[in-house]
K.L.:
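Dropping a structure here in structure tokens format, bear with me for questions.
Remember, it's 1-based here, ligands and their atoms both numbered in the order they're listed. Start at 1 with the first residue, then count along the sequence. Below, all heavy atoms of this structure are taken into account, side chains as well, without hydrogens, waters or symmetry copies.
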Amino acid sequence: MKSFLVIVCFLSTLFPVYSQDFVPNFDEDKVPDYQLPSLLTMENGESVRTKKQWGKRRAELLNLFENEVYGESPEWDGQITSEIILENKNYMNGKATRQVVRLTLERQGQFIDFDLLVFYPNSGKKVPAFLGLNFYGNHTISSDDQVSVPDTWVRNNEAMGSANNKASEKGRGLRIDNWPYEDIVSRGYGLVTLYYGQIDPDYDDGFKNGVHALYPDEQRAASSWGSIAAWAWGLSRVMDYLEEEDWVNEKKVAVLGHSRLGKGALWAGATDQRFGMLISNDSGCGGAALSLRKYGETVGRINNSFPHWFAGNFSSYNENEENLPVDQHQLLALMAPRPLYVASGVEDRWADPKGEFLSCVAASPAYELLGKEGVPAEVLPPLGQPAMGGIGYHIRSGGHGLLPYDWKQYLDFADMHF
Ligand code: GTR
């Protein structure tokens, strides 16, 4: 009996059980024939040939993604105040400043706090910076206990020391490899990160908590903002703050996100053109991967597992991708002409690495129209051989994760463009 259980456990790591009625396709031969919705044809049938026409096409596409996929986020009409609650100007032997900055967003008597963990080089110059949400709290990116553990809702994860939706000291420092601030600062960049659950806790509560609570009178509709849009909206509020800061070059802020937060980073780039570079790490379905391929995670599967991530309308395309008026290459094109990097892990089949690459290829004509290079590869590049143009892409060995290899490429890509 014991050996039977061991075999079952071993097999389930090779073939994860997703749900009784969903069998993901991981077979390239079973990818259906599909035709992507046209990038450079207006809804009225006109071809897009000029920058001006692209401006109109971009607005059409943004509107479709807002209505059908992520939901429309409200305009910000509140106040943001900031307070430095921790500062060390002699961090990394004097090379860096580290801060915790609390942003308080206030709107019509409702408040929410975002705690930013900030590192920047003491160069005395305005520097480019990476901005990204983290999964388990800022304390996971700090080995000293000055950076506090979040007291808001956290996903349960034994390895990260969170249980009963509470974070704990056990997670301290465990994610420093995912956020290698020493390398980032040594190469002349700042890093700003915050815990994503402070913006919107990642569970279905009917869109009442997190930043949704700043809009208590909002009438929820099938096109209202889901959690991915809320995380993206939160990134824009951080940008509001960064625009006022002396140490950062606000034209050179790269938003980076992994997985669900990669979906959020892309939506932030689509809705807010102040971000100067966008980086999607293993974002998969609803991120960089093409939905029409139905490889790995599908629209139906993601909406069933995470009903709060997207606009309600997105679920009308469950097992009905053919009727989606947009696909994700058009989302990537909304970043143009700003530099965009998409990265995959070869074992991360759930996120459809090939679909992420093909999406970059199909987004490239928008870059070319705006005088930039798209992704400089026609077929999936070999493992560990990044293709870097206006769009960068790599597929590396290994699975789902934000790894030092990924960061090395992002830093090189930022050097190339910033
Ligand atoms: C998975 C989800 C993916 C991806 C991932 C993550 O469960 O199916 O779309 O977002 O979570 O965020 O780690």
K.L.:
Would you list the pairs meeting ring-ring contact (aromatic ring centres under 6.0 Å, His included) in which at least one residue belongs to residues 59-88, sequence neighbours left out?
P.N.:
Tyr70-Trp267, Tyr70-Phe310, Trp76-Trp233

K.L.:
Compile the protein residues with any heavy atom at a distance under 4.0 Å from an atom of ligand 1; present them by chain, then by number.
P.N.:
Ser259, Arg260, Lys263, Glu297, Ile302, Phe306, Trp309, Trp350, His400

K.L.:
According to the interplanar angle, ranging from 0 to 90°, do the rings of Tyr203 and Trp153 count as parallel (below 30°), tilted (30 to 60°) or perpendicular (above 60°)?
P.N.:
tilted

K.L.:
Check residues 369-386 and write down every donor-acceptor pair under 3.5 Å in which the side-chain atom is one partner and the other belongs to a residue at least two apart or another chain.
P.N.:
none

K.L.:
Is any side-chain heavy atom of Val147 closer than 4.5 Å to a side-chain heavy atom of Val100?
P.N.:
yes

K.L.:
Would you give the length of the straight line joining atom CG of Leu105 to atom OG1 of Thr81, rounded to the nearest 0.5 angstrom?
P.N.:
8.0 Å

K.L.:
Pair up each side-chain donor or acceptor in residues 251-262 with any protein partner under 3.5 Å, not counting sequence neighbours, and list the distances.
P.N.:
from: His258; atom 1: ND1; to: Asn281; atom 2: O; distance (Å): 3.4
from: His258; atom 1: ND1; to: Asn281; atom 2: ND2; distance (Å): 2.9
from: Ser259; atom 1: OG; to: His400; atom 2: NE2; distance (Å): 2.7
from: Arg260; atom 1: NH1; to: Asp202; atom 2: OD2; distance (Å): 2.7

